[in-house]
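Throughout, a chain's letter reflects where its sequence line sits, starting with A, and its residues are numbered from 1. It should be emphasised that the depicted structure is a prediction, and the values quoted were computed from it without experimental measurement.
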Amino acid sequence: MSEPPLFERIYAIVRQIPPGKVATYGQIARIVGGCSGQMVGFALASLRGTQTNVPWQRVINRMGKVSPHGAGFGSAIQEDLLREEGVEFDIEGRVDFEKYGWMGM
DNA sequence: CGTATGACGAGCC
DNA sequence: AGGCTCGCCATAC
């Protein structure tokens, strides 16, 4: 069949996340179906930066925290971008899924 | 062309 | 209760 690559489908889901909201790798993987959370992480890592229009910053891990990807700076930028959108971080750097969770998680 | 890596999650012992 | 393995797709060298 002629369905787009799995990664492309993941990008489409992330792109649907509204500003001021955050989603988890597992959540997206579950929506896409047929792939594990790692696929989502790999897909976003393949973006190599802001080449795509995918708000990868709105995607965080299951613990409500960002992952230590890249040299450790990428995660810092991610938090900064989310703060710019209105997302608040806990003392531990965690996000409230009850408030900012996508789809009302 | 083949190998290795890359931002998780859940289950199993 | 804790630690470890497996699963999965794409890209780069």
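Taking all atoms of both residues into account, the shortest heavy-atom contact from A:Arg15 to A:Pro55 is CA-CD, 3.8 Å. Residues A:Phe97 and A:Asn61 share a closest heavy-atom pair of CZ-O, 4.0 Å.
The CG atom of A:Asp80 lies 8.0 Å from the CD1 atom of A:Ile77; values are rounded to the nearest 0.5 Å.
In this structure, CG of A:Leu6 is placed 15 Å from C1' of B:dG6, rounded to the nearest angstrom. Distance, A:Arg62 CZ to B:dG11 C1': 15 Å, rounded to whole Å. Here B:dA7 presents its C1' atom at 10 Å from CG of A:Leu47, a figure rounded to the nearest Å. Atom CE of A:Met39 is separated from atom C1' of B:dA7 by 12 Å (rounded to the nearest Å).
Of all the residues in residues 80-98 of chain A, not one reaches under 4.0 Å from DNA chain B with any non-hydrogen atom. Within residues 17-38 of chain A, the residues approached by DNA chain B to less than 4.0 Å at the level of any non-hydrogen atom are A:Tyr25, A:Gly26, A:Gly37, A:Gln38, in residue-number order.
Between the side chain of A:Tyr100 and the backbone N or O of A:Phe89 there is no donor-acceptor pair closer than 3.5 Å. Of the possible donor and acceptor atoms, none in the side chain of A:Glu79 sits under 3.5 Å from a partner among the backbone N and O of A:Ser75. Looking only at distances, no side-chain donor or acceptor of A:Gln27 sits under 3.5 Å from a matching main-chain atom of A:Val22.
The outermost nucleotides of DNA chain C lying under 4.0 Å from heavy atoms of chain A, listed 5' to 3', are C:dG7 to C:dA12.
Of all nucleotides listed (B:dG6, B:dA7, B:dG9), B:dG9 comes nearest to the side chain of A:Asn61.
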Derivation of the side-chain contact (heavy atoms from CB on, under 4.5 Å) call for A:Glu88 and A:Asp96: CA-CA 8 Å; A:Glu88 289 185 36; A:Asp96 262 329; over 6 Å; no
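The closest side-chain heavy-atom distance from A:Pro18 to A:Arg58 is not below 4.5 Å. You'll find the side chain of A:Tyr11 stays beyond 4.5 Å of the side chain of A:Pro5, heavy atoms only. Side-chain atoms of A:Val59 and A:Ile17, non-hydrogen and from C-beta on, do get closer than 4.5 Å to each other.
Separation of the C1' atoms belonging to C:dG3 and B:dA7 is 22 Å when rounded to the nearest angstrom. Distance check on atom P: C:dA10 versus B:dA10 gives 22 Å, rounded to whole Å.
Residue A:Ile13 is grouped with residue A:Met103 when hydrophobic side chains (ILVMFWY) are merged at heavy-atom distances under 4.5 angstrom, including chains of intermediate members.
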